[in-house]
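Encoded as C-alpha cells, the structure appears first; notes follow it.
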Amino acid sequence: MLGTYALQKIYTCSKNSRIKTQQGVFRGLLGIFLSVCPAVAADGGGTPVRYDLAACIARVLEVSPAVRAAEADVRIAEAQLAQAQAARLLPKFDFTWMVGPSPEARGNALVGDTDLSSLSVFTRTEASLVQPIYTFGKLKAAQDAAKGGRSVRRAGLQKTRVDLELQVTEAYYLRLLTKELWRLAEEAQEEIRKARNNVEEGLEEDTGEYTYTDLARLDRFVYDVEENANKVGKGSALAASALRMLLDLSSTDSIALVEERLSPLQVEILPLEDYVRQAERRADLRQLRAGIEVRKALVQAARSSYFPQFFLGGQLKYSYAPNRDDITSPFARDDFNFFQGGVILGIRQDLSFAGTSARVRKARLEHQKLVYQGTLARKGAELEVEKIYRTLREAEANVVASNKAVKATRRWFISARDGFNAGLEEASELIDAVKQYGIIRAKHYHNIFEFNRTWAALQKATGHSIVE
C-alpha cells in the first residue's frame with residue numbers, strides 16, 4: 001500500500017548510495033527503450049497472449065535478427081571449412097570448350113596454302129588439373145584454421161543467444177517490477193483518498209479531531225502521490241513496450257505474463273568455487289580458445305612456406321577442324337587441328353626466405369598475444385563471476401532484510417492510520433508513516449528484481465542457459 005512516494009525517493013534521493021544504485025538499474029533499463037518505444041497502453045489491446053519467462057526467451061531466440069545473423073556466420077564458416085577440405089583433392093581442375101570459324105588449309109609442315117574464302121567450324125577442348133601430393137602441413141593447417149573459425153562462430157552464436165536471454169529476463173522482471181510499483185501507486189491513492197474523506201467529514205461535523213492544517217498537509221501530499229503515480233504509469237508502459245519490442249510484437253499486440261506477482265526465484269546458490277570453475281564454459285572464453293587454435297594453425301601454415309610443395313599436374317588439349325590437313329611433324333603445330341596431353345610431377349618452392357621468416361615471426365607473435373589475452377580474460381571472467389556472486393548474496397540478504405522491514409513499517413503504518421482516524425495522531429505522523437511504508441515496499445520489490453536479475457547474470461557468466 002501507499003507506495004508511490006517510494007518512487008519519488010528512488011528517483012530523487014542523492015544521499016543514499018544504495019538507492020542511487022537501484023535508481024541506475026531501473027532508469028538504465030527503461031532508458032534503453034525511451035527513444036524508440038511509444039508510450040502505449042501497458043498491455044495493448046485485444047486478447048492478450050500469456051507468456052512465462054521460458055516462452056519469452058524461446059520467442060526472442062526465434063525472431064531475433066541477431067540470432068539469424070550469428071547463424072549465417074556459422075554457415076559461412078562451414079562453407080570456408082568445406083573449401084579448405086576441397087583443397088586436398090584437385091584444388092585446380094579447369095575445363096574449357098570453344099568453337100569458331102576455321103579457314104581451309106592444305107599442305108604439310110613445309111609448304112601449304114590457305115583459302116580464306118572457304119570457312120568451316122573448328123572445336124577445341126582443354127582440361128588441366130593440379131593435385132597436391134605433399135605440402136609439409138600447409139593444407140592441414142588451412143583445415144585446422146577453418147575448423148577453428150567454425151568453432152569461433154559457433155561460440156559467437158551461443159554468446160548472442162545468452163546475451164538475448166539476459167536481456168529478455170531483465171525486461172521480463174522489470175515488467176513485473178513496474179506492475180508491483182503500479183499497485184503501490186494505486187494503493188497510495190486509495191489510502192490518501194480515505195484519509196482525506198475522514199478529515200473532511202470531521203471538519204464538517206466539527207468533531208474537533210482534525211484541523212484545516214491536517215487537510216492542507218494531506219492535499220499537499222496528494223500532489224506527491226499523483227506525480228509519482230504518473231511516473232509509475234509511464235515506466236509500466238515503457239517496460240511493456242520494451243518486452244513487446246524484444247518479442248517482435250506490434251504496439252497493438254496484447255501481452256500478459258503468466259506470473260502475476262514479482263517474487264524471488266527459488267534457487268539453490270552453490271559455493272563460489274563451484275561457479276568460478278564453471279566460468280570456463282562461457283561462450284566468450286570458448287570463442288577465445290578457438291581463436292587461439294586458429295592462430296596456432298596460421299603459424300604452421302606460415303612455416304610450411306620454408307619447404308617445397310610437391311604436386312602432380314596434368315593437361316589435355318584437343319582441337320579439330322574438318323577443312324584442314326593434319327600436320328604429323330612433331331616440330332610443327334596447327335592451332336585448329338591438334339591433340340596433346342600429359343602428366344607431370346612438379347615442385348614449387350618459395351625462395352623469399354626473409355619474407356617467410358617475417359611472416360612466421362608475425363604469426364607466432366599474434367598467437368602468443370592471443371594466449372596472453374586468454375589468460376587475462378580467464379582471470380577477468382573469474383573476477384566477474386565472483387563480483388556477480390557477491391552481488392547475488394547481497395541481494396539475497398537484502399530481500400530477507402527488506403521483507404522484515406516491510407512487516408515492521410506496516411505495523412507502524414496501521415498504527416498511525418488508526419490513530420489518525422481516531423483523532424489521536426496528526427496528519428504529519430500519518431504522512432510520515434505512509435512515506436516510509438511506501439519506500440520500504442518499493443525497496444523490497446527492487447531487491448527482488450535485483451536478486452532475480454543477478455541470478456540470471458550469474459547463469460550467463462558461468463556458461464549456462466537461463467531457461468535451464
Side-chain angles (χ1 to χ4, degrees), residues 66 69-89 91-92 130 132-163 275-311 347-387 460-464:
E71 290 174 341
D73 282 339
V74 173
R75 290 192 291 270
I76 291 171
E78 290 174 344
Q80 291 173 336
L81 175 58
Q83 183 179 358
Q85 292 172 334
R88 296 186 65 89
L89 180 63
K92 179 176 174 58
V130 174
I133 299 177
Y134 193 73
T135 62
F136 286 91
K138 175 170 285 188
L139 291 179
K140 183 179 184 303
Q143 289 187 39
D144 291 343
K147 289 178 181 178
R150 181 181 61 180
S151 298
V152 169
R153 297 301 185 182
R154 286 177 174 175
L157 171 60
Q158 183 61 25
K159 183 177 184 300
T160 299
R161 293 171 66 92
V162 296
D163 286 345
Y275 293 111
V276 171
R277 285 195 298 268
Q278 295 172 16
E280 288 292 331
R281 299 179 45 174
R282 293 165 57 123
D284 53 352
L285 292 186
R286 289 193 288 110
Q287 200 171 22
L288 188 55
R289 288 195 296 271
I292 291 174
E293 292 302 315
V294 171
R295 289 297 181 186
K296 184 178 179 181
L298 292 179
V299 172
Q300 179 59 34
R303 286 185 68 255
S304 67
S305 296
Y306 282 125
F307 307 99
Q309 313 295 308
F310 295 90
F311 66 92
I347 299 177
R348 182 182 294 110
Q349 174 66 59
D350 183 359
L351 297 178
S352 58
F353 294 112
T356 299
S357 177
R359 288 192 296 272
V360 171
R361 186 169 63 253
K362 177 176 178 291
R364 283 175 174 167
L365 290 173
E366 289 176 340
H367 171 257
Q368 193 60 50
K369 175 185 176 182
L370 206 58
V371 170
Y372 292 144
Q373 290 177 337
T375 302
L376 183 62
R378 283 192 296 273
K379 293 182 181 296
E382 292 174 0
L383 183 60
E384 181 186 2
V385 168
E386 180 177 357
K387 180 181 178 182
K460 174 190 172 185
T462 53
H464 293 86

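Each residue takes its place number in the sequence, starting with 1.
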Residues L157, D73; criterion side chain to side chain contact (heavy atoms under 4.5 Å, CB included); working and verdict: CA-CA 8 Å; L157 171 60; D73 282 339; over 6 Å; no
Sequence neighbours excluded, the answer for side chain to side chain donor-acceptor pair (under 3.5 Å) partners of K387 is none
Go through the steps for R154 and S151 under the test side chain to side chain donor-acceptor pair (under 3.5 Å), then give the verdict.
CA-CA 5 Å; R154 286 177 174 175; S151 298; 5.9 Å; no
Show me the donor-acceptor pairs within less than 3.5 Å that the side chains of residues 351-364 make with the rest of the protein, sequence neighbours left out.
| unit_1 | atom_1 | unit_2 | atom_2 | d |
| --- | --- | --- | --- | --- |
| S352 | OG | D350 | OD1 | 2.7 |
| S352 | OG | D350 | OD2 | 3.4 |
| T356 | OG1 | S352 | O | 3.2 |
| T356 | OG1 | R359 | NH2 | 3.1 |
| R359 | NH2 | D350 | OD2 | 3.3 |
| K362 | NZ | E366 | OE2 | 2.7 |

What one should report as the nearest heavy-atom pair of A461 and V385 is O-CG2, 3.7 Å
Rounded to the nearest 0.5 Å, the NZ atom of K159 sits from the CG atom of L285 at a distance of 11.0 Å
>> Looking at E78 and R153, is there a salt bridge between them, counting it only when a charged N and a carboxylate O are closer than 4.0 Å?
In response: no
Of all heavy-atom pairs linking P308 and F136, the shortest is O-CD1, 3.1 Å
When every non-hydrogen atom of Q349 is compared with those of Y306, the smallest separation belongs to NE2-O, 3.5 Å
Rounded to the nearest 0.5 angstrom, the CD-CD1 distance for Q80 and I76 is 7.0 Å
Identify each donor-acceptor pair in which a side-chain atom of residues 139-146 lies under 3.5 Å from a protein atom, sequence neighbours left out, and give them as a table.
| unit_1 | atom_1 | unit_2 | atom_2 | d |
| --- | --- | --- | --- | --- |
| K140 | NZ | D144 | OD2 | 2.9 |

On a heavy-atom basis, the closest approach of G148 and A290 is O-CB, 3.8 Å
Assess the residue pair R289 and E280 against the criterion (salt bridge (charged side-chain N to carboxylate O under 4.0 Å, His left out)); give the C-alpha distance rounded to whole Å, side-chain angles, the decisive distance to 0.1 Å, and a yes or no.
CA-CA 10 Å; R289 288 195 296 271; E280 288 292 331; 2.8 Å; yes
Value for CD (E293) from CG (L288), rounded to nearest 0.5 Å, stands at 11.0 Å
task: Under the side chain to side chain contact (heavy atoms under 4.5 Å, CB included) rule, what do K138 and S305 come out as? Steps first, then yes or no, please.
output: CA-CA 8 Å; K138 175 170 285 188; S305 296; 3.7 Å; yes
Next item on the list: Go through the steps for I347 and Q309 under the test side chain to side chain contact (heavy atoms under 4.5 Å, CB included), then give the verdict.
Entry: CA-CA 6 Å; I347 299 177; Q309 313 295 308; over 6 Å; no
Rounded to the nearest 0.5 Å, the CD atom of Q368 sits from the CD1 atom of I292 at a distance of 9.5 Å
Tested for side-chain contact (heavy atoms from CB on, under 4.5 Å) against R282, the lone hit among Q287, H464, Q158, E384 is E384
query: So do the side chains of L383 and K379 get within less than 4.5 Å of each other, counting heavy atoms only?
result: no
